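Shown next, in structure tokens, is the structure this report addresses.
Quick note: residue numbers are just sequence positions, from 1. Just so it is clear, the values below take in all heavy atoms, side chains as well, and ignore hydrogens, waters and symmetry mates. Note that ligands are numbered from 1 as they come in the structure, with each ligand's atoms numbered from 1 the same way. Since this is a predicted model, take the numbers as computed values, not measurements.
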Amino acid sequence: MAKKIIIGADHAGFQMKEQVKECLAKLRVPFDDYGTYSDESTDYPLIAQKVARDVAKNKTRGILICGTGIGMCISANKVKGVRAALAYDAYTSKASREHNDANVLCLGGRTTELRAAQAIVKIWLATQASTESRHKRRVKEISTIEEFC
Ligand code: RB5
């Protein structure tokens with residue numbers, strides 16, 4: 001069975017998270033929800049940290065949503081092994097997988113329409129990392145940065 005997708009959001013991404021979960025259920029993609037569980041104010045780095053650590057540890061993929069997607073993206077990328085990408089349309093979603101082998105997708109709950117977000121998620125889940133040597137080399141170079149920081 002495919003590994004579970006880990007999903008998380010702050011209050012500004014809560015509503016979109018619930019919609020994305022429906023989308024995952026329809027696609028029969030298993031997932032774990034790491035919160036937040038209401039639209040009460042919460043701190044995005046705490047959720048990002050939980051999701052990103054699990055993605056790195058279990059070599060799975062995650063989805064993080066805050067108001068812009070930016071705070072989640074910055075926070076998740078602090079965790080070694082995580083390549084979080086903020087996608088806002090079909091092109092950035094596809095490219096984040098093909099070119100960057102992104103293992104965390106970040107979305108902006110206040111900046112992206114819900115329907116667009118569902119399309120972004122579908123594309124992201126269906127797209128594999130490119131096997132072309134230049135892309136593989138560049139992803140490896142990202143890991144090298146982690147070794148020296
Ligand atoms: C919360 O108001 C907002 O700052 C947060 O969701 C996010 O957009 C941060 O990057």
Ligand 1 atoms nearer than 4.0 angstrom to some heavy atom of H11 are 1 (C), 2 (O)
In ligand 1, the atoms that come under 4.0 Å of a heavy atom of A12 are 6 (O)
Taking only non-hydrogen atoms of C66 and a 4.0 Å limit, the atoms of ligand 1 in range are 6 (O), 7 (C), 8 (O), 9 (C), 10 (O)
heavy-atom search around atom 8 (O) of ligand 1 in the protein gives T68 N, 3.0 Å
Is it true that K50 and D54 make a salt bridge, defined as a side-chain N closer than 4.0 Å to a carboxylate O? no
Residue, atom and distance of the protein heavy atom nearest atom 5 (C) of ligand 1 read D10 OD2, 3.3 Å
Between the CZ atom in R61 and the NZ atom in K3, the distance rounded to the nearest 0.5 Å is 12.0 Å
*asked:* What I want to know is whether G71 and ligand 1 share at least one N or O pair that is separated by under 3.5 angstrom.
replied: yes
Counting from 1 in the order shown, the ligand 1 atoms closer than 4.0 Å to a non-hydrogen atom of G67 are 5 (C), 6 (O), 7 (C), 8 (O)
* Check whether any side-chain heavy atom of C66 lies under 4.5 Å from a side-chain heavy atom of L64, and answer yes or no. => no
- Query: Salt bridge check: are E22 and K17 linked by an N-O gap of less than 4.0 Å?
  - Reply: no
Between R134 and E132, does any side-chain N to carboxylate O distance fall below 4.0 Å?
yes
Just checking Y88: does its OH atom have more than 12 heavy atoms from other residues, nucleotides or ligands closer to it than 6.0 angstrom? no
Report task. For the pair E18 and K21, find out whether any cationic side-chain nitrogen is under 4.0 Å from an anionic carboxylate oxygen. Result -> yes
protein heavy-atom neighbour closest to atom 3 (C) of ligand 1 works out as R110 NH1, 4.0 Å
If I apply the N/O under 3.5 Å rule, does Y44 come out as touching ligand 1? no
